[in-house]
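What follows is a short report on a single structure.
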Amino acid sequence: MTTKTFVTHFQSNNAQCAATVHLPDGAGPFPAILMVHGWGGIQDALTLPFYAPFNQAGFAVMTFDYPGWGTSEGAIRNVINPWHRERDVENALEHLRAQPQIDARRIVLWGTSFGGGHVVKIAARHPELLGAIAQVPMLDGMAAVKAVPFPRLLRFGLAGIGDLFRGKRPIYLPVVAPPGEWSSMDRDGASEALQKGLQAMVESGGPEAGKYDNRVAARSLLTMGLYRPFKSLKEVSIPLLIVGATRDTVAPFIEEKIRALKNPRIKLETLDANHFDPYFEPALSQNLGYQIAFLKALRSL
């Protein structure tokens, strides 16, 4: 199967955001997947292996960069506010719907990590969507905060509070770093996963071409504990696949809380994996197997 790819743009948060659409072969309009990246995510970082299988399943795919990240505009770079990001996803969704090659009535939201939390909240607000997938989602920011060792948590807090007074000149720390080094993520092989993802981007020659600004404003860390998307799970009325990793220490998998909701629209699958394993083999094949089966079921609705 061949794919047709084109770059497009939309406005969000007073910035022009970069997006890329991957179309499957054949005649449209196509059902589509809007891919929502995680904490420090940009287009193609870690997500490249998903495009072709999704296209082969008959879905167009759109990725995008949040304002201030990747190739999107944004005067203050690399700041994360989850509630602002929800608005960015909503704007991306409207842009995808407006594309002539896309069937606006058959769109699936797909989110990973922090973006998986955004997808859960937005899915609860959009019963017209075809479905949603949340991969290793950050569903409970408080659980994520509690997983951080106290000395590092204290340092996060001090850096974040200090950054609040810096306005347009943020205090930055690395998004990822090797274990034990100062960054927002040093667990579950975060640094190694990013390097493998960047190498794949270079080999693909995509829009980001392997470039990555490995820093995040410290103020972003202060939002984590207050962001608890699992509270929206009971309101989801569309088919939702959650793929959780049982050894995830970055976004701890709250399986018991999810099952206790008894929401019949939620399908739960698990991987014996850490937070970053599902992007790579051998966990990737099992992960994609769950997701492709779910997408094929959606296409039959």
| In terms of side-chain heavy atoms, does His275 have a donor or acceptor partner in Asp248 at a distance below 3.5 Å? | yes
| Which of parallel (below 30°), tilted (30 to 60°) and perpendicular (above 60°) describes Tyr66 and His118? | perpendicular
| said: With a 6.0 Å cut-off on the ring centroids, do Phe156 and Trp182 count as close? | reply: yes
| said: With no hydrogens and no angle check, just 3.5 Å: does a side-chain donor-acceptor pair link Ser72 and Asp65? | reply: no
| Would a distance-only check, ignoring hydrogens and angles, find a side-chain to backbone donor-acceptor pair under 3.5 Å from Asp163 to Ile171? | yes
| Backbone N/O of Ala57 and side chain of Arg299: donor-acceptor pair under 3.5 Å | yes
| field | Pair Gln135-Asn287, side-chain donor/acceptor within less than 3.5 Å | value | yes
| note | Heavy-atom nearest pair, Ala147 first then Pro252, reads CB-CG, 4.1 Å
| query | Sub-3.5 Å donor-acceptor pair from the side chain of Asp186 to the main-chain atoms of Pro179, do we have one? | reply | no
| Quiz item: cation-pi between Lys196 and Phe280, 6.0 Å / 45° | yes
| SB check Glu90 Arg87 (cutoff 4.0 Å) | no
| message | Could you report the tightest heavy-atom contact between Phe294 and Ala132, atom names first, then the distance? | response | CE2-O, 3.4 Å
| Ser300 to Ala297 - nearest heavy-atom pair and separation | OG-O, 2.6 Å
| Is it true that Lys121 and Glu86 have a side-chain N and a carboxylate O under 4.0 angstrom from each other? | yes
| note | Residues Lys211 and Met201: closest non-hydrogen pair is O-CE, 4.3 Å
| Between the side chains of Glu269 and Gln286, does any donor sit under 3.5 Å from an acceptor? | no
| remark: Here the pair of heavy atoms bringing Val175 nearest to Ser184 is O-OG, 2.6 Å
| query | Should Asp140 and Lys231 be marked as a salt bridge (charged side-chain N to carboxylate O under 4.0 Å, His left out) after you check the CA-CA gap, both sets of side-chain angles, and the distance that decides it? | reply | CA-CA 9 Å; Asp140 187 355; Lys231 293 183 177 181; over 6 Å; no
| said: Does the plane of the ring in His37 sit parallel, tilted or perpendicular to the ring in Phe64? Use 30° and 60° as the thresholds. | reply: tilted
| said: Would you say Gln56 and Tyr51 are linked by a side-chain donor-acceptor pair, where the criterion is simply a distance under 3.5 Å? | reply: no
| field | Asn55 side-chain N/O to Phe59 backbone N/O, donor-acceptor pair under 3.5 Å | value | yes
| field | Pi-cation contact, Trp39 with Arg85 (under 6.0 Å, within 45°) | value | no
| said: Tell me whether Asn78 contacts the main-chain N or O of Arg215 through its side chain, where contact means a donor paired with an acceptor under 3.5 Å. | reply: yes
| field | Heavy-atom pair with the smallest gap, counting every atom of Thr249 and Arg187 | value | O-NH2, 2.8 Å
| said: Checking Gln199 against Glu203 for the side-chain hydrogen bond (donor to acceptor under 3.5 Å, both in side chains) test, could you report, in this order, the C-alpha distance in whole Å, the side-chain angles of both residues, the deciding distance, and whether it holds? | reply: CA-CA 6 Å; Gln199 181 59 39; Glu203 293 170 358; 3.2 Å; yes
| said: Can you tell whether the side chains of Lys257 and Glu255 come within less than 4.0 Å, N to carboxylate O? | reply: no
| query | Can Gln195 and Ser191 be counted as having a side-chain donor-acceptor contact under 3.5 angstrom? | reply | no
| field | Side chain to side chain, Ile266 and Asn263, heavy atoms closer than 4.5 Å | value | yes
